[in-house]
Amino acid sequence: MTTLFDPDSPPTNQASAVPIILDSSGQLLGDDASLLDGLNPQQRIAVEYRGPALLIIAGAGSGKTSVLTRRVASLIDSREAWPSQILAITFTNKAAAEMRERVQALLGQGANGMWISTFHSSCVRILRREAEKAGLGANFSIYDSSDTRVTLKRIIKGLDADSLGFTPANASAKISKLKNELADADSYARNANMSDPQEVMFVEIFRQYTRRLRDASALDFDDLIGETVYLFRAFPDVAARYRRQFRHILVDEYQDTNHAQYSLIRELTRPVTAALAEDMEAQGLHVRNLQDATGAIPGASLTVVGDSDQSIYAFRGADIRNISEFERDFPGAKVVLLEQNYRSTQNILSAANAVISHNFDRKDKKLWSADGPGEKIVGYTAYSGHDEAQFVADEIEALHATGTAYRDMAVFYRTNAQTRALEEILVRAAVPYRVVGGTKFYERAEIKDALAYLIAVANPADELALRRILNTPKRGIGPTTETALLSFAEANEISYRQAMRDATALGLGPKVTGSILQFASLLDEAALKLDPENPAGVANVSEVLTFVLEQSGLLTGLRNSRDPQDEARAENIEEFIAQTKDFNRENPDGGLVDFLTQVSLVAAADDLDDESGTVSLMTLHTAKGLEYDAVFLTGVEEGLLPHQMSAGEPGGPAEERRLFYVGITRAKKRLYLSLAMTRAQFGDVNVAMPSRYLQEIPAELIEWKQSPGMANSRGGTQPRALNARRDGYGGGFNARGGGNRTDIPPGLPPAPKPKTEWANRITAQVRDNGDLTLEAGDRIRHVDFGDGRVNQVTGEGTKRIAHVQFDTSGAKKLLIKVAPIEKI
DNA sequence: TGAGCATCTGTTTTT
DNA sequence: CAGATGCTCA
């Protein structure tokens, strides 16, 4: 596509070898001065140091993004590198976009040609470009974890492997782990104990999985990295081209890289032999000014940034040794330590330091701030998850009232399941919020269906996509027909798609045969629209989408359905159409494959919208790299943080502690730690204990609004009476030992349980006060807060909000439509 | 073929 | 509790 390199007079290669501060012309100093503005001495070194390898140990909030962007800007500004010679790897696409923006702002000019992206995006870009050598079509599909699961499920079923204890989940975890170590089925088989039937079976599963993906011309997330490494290893000339191109490689969040990613970086930073350099020169790829005395091209200069205290992705294969042994890996590497924190108050940092110091086996590092102690950390022990949520909602409102914008607040939790209680209460309390990640837009069934149509058009070999939409919308092709097609394809060694075109030969009923043929030609017709030879011109993404939706009747089917949920699904699809139009506008040259790539690689944190005036809810993992004025860290309980599942794993509790540490250090001014004494899980209510990590925070840093002790003491204050109802577990918490959730407080009738009472449904759908109108002066009764007086009503239509002064529970905001209230 | 109902099972974090 | 699976019946 584009040239890999600015052909005219590439700058010198000296950058990677000679530590310079000043260019001979002296120009650097002048321009760089502004780039160094406001940096502390360590940060300056991190920006200015030049050499083959630099490790920046950047504590939380130590301004590493700023350092990284200035470093990139200074490389370009000083003409040590063209933008196209820089490869910067970030953790999320959002971080990449932000970095690009900031570099551009610093340079005041286009920094086009820089590769700033995630590992995965960079690899896709390389693999699509080199598809032929990699043995793939340039239109290869990218399988996400659910695609992997579906594929494995079929394999396991076919092999009857579930009897040996295999599930899609555990098989995919194991395969992923191996791929992160750059192992494949064959290399694994060589070392496996093949007298163990389970091992034999696993090898077979792995083999079939690999085969299916290859047949479908698909790669999973792990393959994207691994295949790129294999590509470089198998084709030294290809590797040489990229080594020649990327003279400066920067990797953020290095502590979370796994072995495959590490290997990729190693491949990219190797020198190019004199012979290969000459080959390139002969092909017109200029190398003269990159060569050293021997004619070789020295390895690219590598900068990595990380903090081993924030390593939280071991479960994904992240190897903390990549960073802890960096100096051994890259002898002569310069190490810079950034410890001064510009984000949080000292109280927050002291808590963070205290917690993390309980991890042994780490280099001691103490974050400090020049900004003073700040507010104390607020602790709260709730009676239940709902009570905790109510505390969060109340505090959010209080902060909002005193001037903190909603967008500057965030609520963190360990597991996605915890959002339920939080959402329910936040909706009722009319707090504008947004769940970051979680069930993502693209994971919705109807969107996956629409996507599968696009994938089937782009990559005819992708059997998975094809089978997903074979009978969506219903066209009378059931499982029987599906398998018939499958065995027909296998018997004749043709693709599934081709089998569909040849459906007449299957001898099925005329009706079914007709639908198959019609479906097949629908897809073929759509594919024709993308053919560059097509005289009508190549269709863009939204045109293709509109075409398949219309022809298949997917959207109209949903619109005409009488299932009320289908209305929302239709809206989602319309939203999806709108997104493809946006994509067309923003990427006039972008084709269908580009769109699908983008969709496959969006991360949870990517869709964070800074402009939105809403509170952000997210997992602790998603929170990495972000910061907020006020942070609510919820569910600080044994079993949740640290999570039960981590207990058995080596290094588990230490990693959970780092997770807690990451959460704490996101907070700039205020930090709230909350826990619940009982938590509803899987329909059960369990008694929870305060997290061990709480005790690691010096007591004087926390001000408990309700301490674990207070909440335990019998008849303790109950400032939030949420536990009063809800099928009984309210008064029952005193009965320790757990499990007795059916305790009915004496005096209450044996709960006839009205059907709308089932709590954990998004309230907006269950409870509906309809046309209930309230005005100032009305008295109301609330299920949890008791009686109160309406002071004011604001908002319109379904978003009307009552501001209520309760007799015993204080002032609250309530979303009238969904709040559990009645007029009295 | 597919809709509707009963049972069972899993229960972390994510590119 | 939610999602998946398996069963029966139209």
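Numbered from 1 within each chain, the chains take letters A, B, ... in sequence-line order. All values reported here derive from a predicted model rather than from experimental measurement.
- In this structure, A:E482 places its CD atom where more than 12 heavy-atom neighbours from other residues, nucleotides or ligands lie under 6.0 Å away.
- Put simply, A:S121 has no side-chain N or O that comes within less than 4.0 Å of OP1 or OP2 on B:dT15.
- Phosphate proximity of B:dT1 to A:T481: present, with a side-chain N or O under 4.0 Å from OP1 or OP2.
- Contact annotation: A:T619 side-chain N/O to B:dT14 OP1/OP2 distance is under 4.0 Å.
- The side chain of A:N471 sits closest to B:dG2 out of B:dT13, B:dT15, B:dG2.
- Aromatic ring centroids of A:F315 and A:H621 lie under 6.0 Å apart.
- Using a 4.0 Å heavy-atom criterion, one finds that A:Y313 contacts the sugar-phosphate atoms exclusively.
- Where stacking is scored as ring centres under 5.5 Å apart with planes under 30°, A:F315 does not register as stacked on the base of B:dT12.
- In this structure, the CD atom of A:E482 is 11 Å from the P atom of B:dT1, given to the nearest Å.
- A residue-by-residue look at A:T118 and A:K474 shows that A:K474 has its nearest nucleotide of DNA chain B further toward the 5' end.
- Nucleotide B:dT14 holds its P atom 13 Å from the CZ atom of A:R149, rounded to whole Å.
- Between A:H120 and A:F221, the two ring planes are perpendicular [angle over 60°; tilted spans 30° to 60°].
- Here the two rings, on A:Y313 and A:F91, have centers that are under 6.0 Å apart.
- Counting to the nearest Å, the P atom of B:dT14 and the CG atom of A:D222 are 15 Å from each other.
- To the nearest angstrom, P of B:dT14 lies 18 Å from CD1 of A:I225.
- Taking only side-chain atoms of A:R414, from C-beta outward, the nucleotide of B:dG2, B:dT12, C:dT5 with the closest atom is B:dT12.
- In this structure, A:R475 forms a cation-pi arrangement with A:F519, its terminal cationic atom sitting closer than 6.0 Å to the ring centre and no more than 45° off the ring axis.
- Distance, A:N258 CG to B:dT15 C1': 10 Å, rounded to whole Å.
- Note on A:N416: a side-chain N or O is less than 4.0 Å away from OP1 or OP2 of B:dT13.
- Atom CD in A:E637 sits roughly 16 Å away from atom P in B:dT12 (whole-Å rounding).
- Look at CG on A:L470: it is 11 Å from P on B:dT1, rounded to the nearest Å.
- Proximity of A:K153 to the phosphate of C:dT5: a side-chain N or O atom is located under 4.0 Å from OP1 or OP2.
- Regarding A:I175, its CD1 atom lies at a distance of 17 Å from the C1' atom of B:dT15, rounded to whole Å.
- If you find the closest nucleotide of DNA chain B to A:R475 and to A:L659, the one lying nearer the 5' end belongs to A:R475.
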